[in-house]
*Asks:* 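Would you mind keeping the following structure in view while I ask a few things?
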Amino acid sequence: DTERFSLRSARLRDAAGENAVHLVYARRATLEDVRIERARLDGVDLEHSEVVLRRVAVIEVGDDSLDLMGTRVVAEDLDLADCKDNGISAGERSEVSLARSVSARCPIGMLAKNTSSFHLEDVVVAAALTGLRLERKSDYYLGESYVEGAGLWFVAVDDPKKLVDRPRCD
């Protein structure tokens with residue numbers, strides 16, 4: 001367990017490991033004024049943690065810009081771009097409060113799965129194949145994922161029918 005971890009005013013480029021930043025069981029952690037460029041997999045991977053993100057940029061990563069598992073995040077002023085999968089992947093009952101942020105040129109702008117939630121305020125998803133995807137992957141996490149808030153904007157999403165994609169749960 002980690003408590004009161006902070007990473008401030010940092011630039012991480014060409015991360016040698018799988019993920020540029022990976023926190024597990026972190027409480028009261030903060031990433032502020034951080035720029036991540038080119039990670040092999042995830043830019044920021046947070047598991048079972050409580051984290052504040054302010055002015056974080058994640059550019060050109062091999063998987064998700066921000067990957068959350070059972071994590072509570074309060075984030076503002078994020079710039080997530082050019083990832084290979086999700087701008088933000090929130091799973092396993094993650095709770096995301098996101099303001100004044102952009103996810104651009106990622107195949108899926110935001111993914112909520114396994115009873116996760118987003119509260120959004122002035123968020124832009126640009127140049128995505130799918131703007132927002134809501135899903136439940138297993139019966140282990142019963143309940144619905146959801147998105148609420150004001151000001152979610154989709155710009156140049158590839159297929160207008162996929163602004164919000166909610167696949168059937170069998």
*Asks:* Report the distance from atom OG of S145 to atom CZ of R133, rounding to the nearest 0.5 Å.
*Replies:* 11.5 Å
*Asks:* In the structure I gave you, are the side-chain heavy atoms of V123 and V102 within less than 4.5 Å of one another anywhere?
*Replies:* no
*Asks:* Hey, is the main chain of D42 close enough, under 3.5 Å, to the side chain of N19 for a donor-acceptor pair?
*Replies:* yes
*Asks:* Any link between V73 and V24 through a network of hydrophobic side chains (Ile, Leu, Val, Met, Phe, Trp, Tyr) touching at under 4.5 Å?
*Replies:* no
*Asks:* More than 12 heavy atoms of other residues, nucleotides or ligands under 6.0 Å from CZ of R72: is that the case?
*Replies:* no
*Asks:* Does a salt bridge link R93 with E95, judged by any charged N lying under 4.0 Å from a carboxylate O?
*Replies:* no
*Asks:* Does E47 reach the side chain of H22, with side-chain heavy atoms less than 4.5 Å apart?
*Replies:* yes
*Asks:* Is there a path of hydrophobic side-chain contacts, each under 4.5 Å between heavy atoms, that joins L46 and L7?
*Replies:* yes
*Asks:* Tell me whether T71 contacts the main-chain N or O of S94 through its side chain, where contact means a donor paired with an acceptor under 3.5 Å.
*Replies:* no
*Asks:* Does V21 reach the side chain of D45, with side-chain heavy atoms less than 4.5 Å apart?
*Replies:* no
*Asks:* According to a hydrophobic-cluster definition based on side-chain heavy atoms being under 4.5 Å apart (Ile, Leu, Val, Met, Phe, Trp, Tyr only), do V44 and I59 belong together?
*Replies:* no
*Asks:* With no hydrogens and no angle check, is any side-chain donor or acceptor of S101 less than 3.5 Å from a backbone partner on L98?
*Replies:* no
*Asks:* Give a yes or no on whether the backbone of G43 and the side-chain of S65 come within a donor-acceptor separation of less than 3.5 Å.
*Replies:* no
*Asks:* Say you draw a straight line from CG of L134 to CE of M110; how long is it, rounded to the nearest 0.5 Å?
*Replies:* 9.0 Å
*Asks:* How long is the straight-line distance from CZ of F154 back to CG of L132, given to the nearest 0.5 Å?
*Replies:* 5.0 Å
*Asks:* Should L41 and L111 be counted in the same cluster of Ile, Leu, Val, Met, Phe, Trp and Tyr side chains packed under 4.5 Å apart?
*Replies:* no
*Asks:* Just how far is it from atom OG of S116 to atom CD of E135, taken to the nearest 0.5 Å?
*Replies:* 10.0 Å
*Asks:* What's the separation between atom CZ in R11 and atom CD1 in I36, rounded to the nearest 0.5 Å?
*Replies:* 12.0 Å
*Asks:* Working to the nearest 0.5 Å, report the span between SG of C83 and CG of D64.
*Replies:* 6.5 Å
*Asks:* Using every non-hydrogen atom in the two residues, find where A20 and A15 come nearest and quote the distance to one decimal.
*Replies:* CA-CB, 3.7 Å
*Asks:* When hydrophobic residues are tied together by side-chain contacts of less than 4.5 Å, even through go-betweens, does V58 share a cluster with F5?
*Replies:* yes
*Asks:* Does the side chain of L31 come within less than 4.5 Å of V51's, by heavy atoms?
*Replies:* yes
*Asks:* Check whether T2 reaches the backbone of A26 with its side chain - one donor and one acceptor, N or O, closer than 3.5 Å.
*Replies:* no
*Asks:* Do the side chains of D82 and R105 get close enough for a salt bridge, i.e. N-O under 4.0 angstrom?
*Replies:* yes
*Asks:* Could you walk me through whether F118 and I88 pass the side-chain contact (heavy atoms from CB on, under 4.5 Å) test, one step at a time?
*Replies:* CA-CA 10 Å; F118 280 97; I88 301 175; 3.8 Å; yes
*Asks:* Got a salt bridge between K84 and E60, using NZ or NE/NH1/NH2 to carboxylate O under 4.0 Å?
*Replies:* no
*Asks:* Taking only Lys NZ, Arg NE, NH1 and NH2, and the carboxylate oxygens of Asp or Glu, determine whether E76 and R100 approach each other closer than 4.0 Å.
*Replies:* yes
*Asks:* Do L68 and V96 touch side chain to side chain, with heavy atoms closer than 4.5 Å?
*Replies:* yes
*Asks:* Strictly below 4.0 Å, N to O, side chains only: are R28 and E50 in salt-bridge contact?
*Replies:* no
*Asks:* Where is the tightest heavy-atom contact between H48 and R27, given as atom of each residue plus distance?
*Replies:* O-NH1, 2.9 Å
*Asks:* Check the pair D33, R54 against side-chain contact (heavy atoms from CB on, under 4.5 Å), reporting the backbone distance first and the verdict last.
*Replies:* CA-CA 6 Å; D33 297 312; R54 289 188 201 99; over 6 Å; no
